[in-house]
Amino acid sequence: IAEKRDEQGIVENEDGTGTIRKSSEISVSCTYSVENDKLTITTIVLNQQTDAVYTYTVTDRKLTLTDDSGSNEYTRQQ
């Protein structure tokens, strides 16, 4: 699990599936793929597919996702 300060988080499983937690009460299933330095996270909500493409870096216990709107940093939880 990687978490941000405001109860948001990402859980990524080894099989390319995962969950994005938007708050303590809302989460969305997702799939993801990695190609070179690009991470693509795909969600489907109400039959609407969204593909979010990020460049990413991993250092120590931190994952940083960057897109056109800026960067988000997540810290791996044990």
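None of the values given here were measured: they were computed from a predicted structure. Note that the numbering runs from 1 along the sequence shown for the chain.
- Rounding to the nearest 0.5 Å gives a distance of 10.0 Å between OG of Ser29 and CD1 of Ile44.
- Considering only residues two or more places apart in sequence or on other chains, Thr42 meets the side-chain hydrogen bond (donor to acceptor under 3.5 Å, both in side chains) condition with Asp51.
- In terms of the side-chain contact (heavy atoms from CB on, under 4.5 Å) criterion, residue partners of Thr64 (sequence neighbours excluded) are, by chain and number, Thr57, Thr66, Ser71, Glu73.
- Under a cut-off of 6.0 angstrom, the local environment of CD in Glu35 is sparse, with at most 12 non-hydrogen atoms contributed by other residues, nucleotides or ligands.
- Tracing side-chain contacts under 4.5 Å through hydrophobic residues (I, L, V, M, F, W, Y), one never reaches Leu65 starting from Val53; they form parts of separate clusters.
- Grouped by direct or indirect side-chain proximity (heavy atoms under 4.5 Å, Ile/Leu/Val/Met/Phe/Trp/Tyr only), Val28 sits with Val45, Leu46.
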With side-chain contact (heavy atoms from CB on, under 4.5 Å) as the criterion, how do Tyr56 and Val34 come out once you've worked through the C-alpha distance, each side chain's angles and the decisive distance to 0.1 Å? CA-CA 10 Å; Tyr56 72 95; Val34 176; 3.3 Å; yes

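- Listed by chain and residue number, nothing satisfies the salt bridge (Lys or Arg N to Asp or Glu O under 4.0 Å) test with Lys38 (two or more places apart in sequence, or in another chain).
- The side-chain hydrogen bond (donor to acceptor under 3.5 Å, both in side chains) search around Ser69 returns Asp67, not counting sequence neighbours.
- Not a single side-chain hydrogen bond (donor to acceptor under 3.5 Å, both in side chains) links Asp60 to another residue, sequence neighbours left out.
- Atom OG1 in Thr75 sits 7.5 Å away from atom CZ in Arg61 (nearest 0.5 Å).
- Every residue two or more places apart in sequence or in another chain was checked for a side-chain contact (heavy atoms from CB on, under 4.5 Å) with Asn36, and none qualifies.
- Between atom OH of residue Tyr74 and atom CG of residue Leu63 there is a gap of 8.0 Å, rounded to the nearest 0.5 Å.
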Show me, pair by pair, the donor-acceptor contacts under 3.5 angstrom made by side chains of residues 13-20, not counting sequence neighbours?
residue: Asn13; atom: ND2; partner: Thr17; partner atom: O; Å: 3.4
residue: Asn13; atom: ND2; partner: Thr17; partner atom: OG1; Å: 3.1
residue: Asp15; atom: OD1; partner: Thr17; partner atom: N; Å: 3.1
residue: Asp15; atom: OD1; partner: Thr17; partner atom: OG1; Å: 2.6

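- Distance OH/Tyr32 to OG1/Thr43: 15.5 Å, rounded to 0.5 Å.
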